[in-house]
Protein chains: 2
Amino acid sequence: MGLYPYDPNHMKKGTEALDWPNLTAIQPVAGLIPEALRLVTKRQDAGTRERIFRIGDSVRNVYLVISGEARLIRLDRRGKEVILQRSRGGFIAEASLDSRNYHCDAIAAEPTTLLLCPAAAFRQALERVPAFSKAWQSQLAGVVRKLRAQCERLSLHSAADRITHYIEAEGTDGVVTLRQTRMAWAAELGLTHEALYRTLRLMREEGFLEIDGNRICAKA
Amino acid sequence: MGLYPYDPNHMKKGTEALDWPNLTAIQPVAGLIPEALRLVTKRQDAGTRERIFRIGDSVRNVYLVISGEARLIRLDRRGKEVILQRSRGGFIAEASLDSRNYHCDAIAAEPTTLLLCPAAAFRQALERVPAFSKAWQSQLAGVVRKLRAQCERLSLHSAADRITHYIEAEGTDGVVTLRQTRMAWAAELGLTHEALYRTLRLMREEGFLEIDGNRICAKA
DNA sequence: CGTACTTTTGAATCGCATCAAATCTGGTGG
DNA sequence: CCACCAGATTTGATGCGATTCAAAAGTACG
């Protein structure tokens, strides 16, 4: 796991200089990270299935995914992995800033590059820079809305309803492009992967869906 | 629906003067509402099933439940009511502050008293009072954690597992006291009420639960 | 080129949703 | 005070749909 200071002059071989201005494209609030916070931000690379932090660890950093995918996971009683959050570009575990310790594990789902903003500096930036604070509140509000939609979806009783709801909530004009395997999608929908595959086939056969690889389009 | 200015001098007959200091007991952040915001805050009473705001309405107020219960609800395709949030004391629809329009309906589940903080004044207070802003961020982070726990719970496949998870997450030392009907609890657990009743009976008969009215205690 | 993981389908089982109905409860008005 | 009503609670019977177990084919990656 590589860990480097942000300062391009200190970059080790094989790491690219970070393009701060473009963080705005990743997530609006990321573009507003103030100078003082940038200066203490580190960069970290993590390989597939590598652990970023563990449940119980004290919260030292706020993590920002700039490429790849990071996941918050927890193990249920049977030891099965439950995905609590997936981030492909943007912050992860936003709510941890408010805790002393992490409530779940974070892993890289593929080779992933992260920025590590020290939590203390992050809190200080929130206190001192109103625009940043405001944007962070919007960020949190967005997470809340997204989670409410997911709860609403998970409370639907049929696989087909959850798929339709997902397309409506996450897609545009009835079209959604998946950025994950179907196994992971199934878990996000609260289904077994077998149930998802079967329901997708049925919905396609009955003309409700058009499926082309990761592009899924609702028809009726 | 009664609507009164907060100022006790202007209180109409039948309304009590509000006890601001004690709002801290309702929710930490509520105790930090700054003077300027208090002065423009109104009070409102709503009867059972009365609508507080509607989906699509422009966001004019932030609502704080001081007695009774308010719910955020949405109707699924079949017209069945889905509960997105229940508040018995504390803010409701926190994320709406960041939107122009409401994304769901809010109703009173029983006779309920609310405080209405004008959204513009609320945003201004967040900008001007750092302590309030910080507390609001904690509040949002708490909502995020709660919602993640609910998503985790809803992704469990068996009724018994969801009940156990609920007791662990919402209760203390394996004991939880319900503050809602079992029908509403069933909906929150993503189950039909019949499934909940049956599973509760089975778990009780098998010695996993002890049930005394609304007090439910996990044994094994 | 082999290994690990995903995708896909099959068959059997089980649990939950659904429909139905009886009892219980709290609140309303006569 | 009691009759009544709406909604909550509880149990029964039935069927469907999702889980579970199993296995084959496809795919990515070193």
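We name chains A, B, ... by the order of the sequence lines, and we start the count at 1 in each one.
- What separates CZ of R162(B) from P of dG15(C) is a distance of 14 Å, to the nearest Å.
- Picking from dC16(C), dA11(C), dA18(D) the nucleotide with the shortest atom distance to the side chain of S158(A) gives dA18(D).
- Spacing between atom CG of L191(A) and atom P of dT20(D) amounts to 12 Å, rounded to whole angstrom units.
- Between W185(B) and Y197(B), the distance from one ring center to the other does not fall under 6.0 angstrom.
- Put simply, CG on L196(A) is 16 Å from C1' on dT20(D), counting in whole angstrom units.
- At least one donor-acceptor pair closer than 3.5 Å links the side chain of R74(A) to the backbone N or O of H103(A).
- Side-chain contact annotation: R77(B) with T164(A), donor-acceptor N/O pair under 3.5 Å absent.
- E110(A) places its CD atom 13 Å from the P atom of dG30(D), with the value rounded to the nearest Å.
- Checking R148(A) against Q85(B) by side-chain atom types alone, a donor-acceptor pair falls below 3.5 Å.
- For R198(B) against dG15(C), a side-chain-to-base donor-acceptor contact under 3.5 Å is absent.
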Within the sub-3.5 Å range, which N or O atoms of nucleotides 5-8 of chain C have a protein N or O partner, and how far apart are they?
unit_1, atom_1, unit_2, atom_2, d
dT7(C), OP1, R182(A), N, 3.4
dT7(C), OP2, R182(A), N, 3.0
dT7(C), OP2, M183(A), N, 3.2
dT7(C), OP2, Y197(A), OH, 2.8
dT7(C), O5', Y197(A), OH, 2.8

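- Here the CG-CD1 distance, from L191(A) to I163(A), works out to 6.5 Å after rounding to the nearest 0.5 Å.
- Between T192(A) and dT19(D), a side-chain N or O to OP1/OP2 separation shorter than 4.0 Å is present.
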Checking side chain to side chain donor-acceptor pair (under 3.5 Å) for the pair Q150(A)/Q150(B): CA distance, chi angles, key distance, verdict? CA-CA 10 Å; Q150(A) 197 181 345; Q150(B) 196 181 344; over 6 Å; no
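- Whole-Å rounding puts the W185(B) CH2 to dT9(D) P distance at 11 Å.
- Using cut-offs of 30° and 60° on the angle between ring planes, the pair F53(A) and Y102(A) is parallel.
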Decide yes or no on side chain to side chain donor-acceptor pair (under 3.5 Å) for N101(A) and S58(A), but give the supporting numbers first. CA-CA 4 Å; N101(A) 302 92; S58(A) 63; 5.2 Å; no
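- The C1' atoms of five pairs define one axis at each end of the helix from dC1(C)-dG30(D) to dG30(C)-dC1(D), and these two axes lie 50° apart (to 10°).
- Taking atom CG on L189(B) and atom C1' on dG15(C), their separation rounds to 16 Å, with Å as the unit.
- Inspection of the D98(A) and S138(B) side chains reveals an N or O donor paired with an N or O acceptor under 3.5 Å.
- Taking atom CG of residue L200(A) and atom C1' of nucleotide dA18(D), one finds them 14 Å apart after rounding to whole Å.
- The distance from atom CG of D161(B) to atom C1' of dC14(C) is 15 Å, rounded to the nearest whole Å.
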